[in-house]
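Throughout, residue positions are numbered sequentially from 1 according to the sequence presented.
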Amino acid sequence: MDGIKYVVVTDKSIRLLVKNQYTSNVESGSTRTEIKHWVELFFGVKVIAMNSHRLPGKGRRMGPIMGHTMHYRRMIITLQPGYSIPPLRRKELKSKYLIAWRYIYTKLLPRAHAMEP
């Protein structure tokens with residue numbers, strides 16, 4: 001679980017959940033094969049595709065000094081049909097990443113299914 005930081009909760013990522021695609025931010029040094037192996041091992045699912053892109057860091061000002069945050073990678077993981085990442089119980093939640101998955105399943109995913117035509 002070293003490579004994956006947390007799940008991304010945006011309008012687009014909620015729409016992708018209906019297509020069995022999950023979005024998360026990962027460490028910029030981690031590779032696609034590491035993330036794929038970790039997701040398959042931890043959640044017991046089959047990954048068929050992974051898309052990634054590098055997002056630049058944001059500018060931050062501290063008084064007269066201009067700095068920036070670190071850049072990061074975002075992965076969109078597509079699972080095989082029939083597989084899904086299940087919502088986890090409170091005892092299984094050990095990081096912000098897993099807490100975000102539970103929030104998506106309980107609050108946002110039912111709304112996305114209700115908005116489908």
Next on the checklist: If you define the side chain from C-beta out and look only at heavy atoms, does anything of Glu34 sit under 4.5 Å from His37?
Outcome noted: no

Checklist entry - Atom CZ in Arg60, atom CD1 in Ile65: separation rounded to 0.5 Å? => result 16.0 Å

Checklist entry - What is the minimum heavy-atom distance between Val45 and Tyr83, and which atoms define it? => result CA-CD2, 3.7 Å

Item to check | Partners meeting side chain to side chain donor-acceptor pair (under 3.5 Å) with Thr33 (sequence neighbours left out) | outcome: Thr31

Checklist entry - Considering residues, nucleotides and ligands other than Met62, do more than 12 of their heavy atoms fall under 6.0 Å from its CE? => result no

Checklist outcome for this item: dist Ser84:OG -> Tyr22:OH (nearest 0.5 Å) comes out at 5.0 Å

Checklist outcome for this item: Closest heavy-atom pair, Ile35 versus Met50, reported as atoms and distance to 0.1 Å, is CG2-CE, 3.5 Å

Next on the checklist: I need the His53 NE2 to Leu55 CG distance, nearest 0.5 Å.
Outcome noted: 4.0 Å

Please tabulate, one pair per line, all N/O donor-acceptor pairs under 3.5 Å involving side-chain atoms of residues 70-81, not counting sequence neighbours.
| residue | atom | partner | partner atom | Å |
| --- | --- | --- | --- | --- |
| His71 | ND1 | Arg54 | NH2 | 3.2 |
| His71 | NE2 | Arg54 | NE | 3.4 |
| Arg73 | NH1 | Ser30 | O | 2.6 |
| Arg73 | NH2 | Ser52 | OG | 3.1 |
| Arg74 | NE | Asn25 | OD1 | 3.0 |
| Thr78 | OG1 | Gln21 | NE2 | 3.2 |

Checklist entry - Excluding sequence neighbours, so at least two apart, what forms side chain to side chain donor-acceptor pair (under 3.5 Å) with Arg61? => result none

Checklist entry - Does the side-chain contact (heavy atoms from CB on, under 4.5 Å) test come out yes or no for Ser13 and Asp11, once each step is laid out? => result CA-CA 6 Å; Ser13 66; Asp11 290 338; over 6 Å; no

Checklist entry - Applying the 4.5 Å side-chain criterion to the ILVMFWY set and letting contacts propagate, would Leu16 and Val47 be lumped into a single cluster? => result no

Next on the checklist: Would the distance check show the side chain of Thr23 and the main-chain N or O of Val8 forming a donor-acceptor pair, the cut-off being under 3.5 Å?
Outcome noted: no

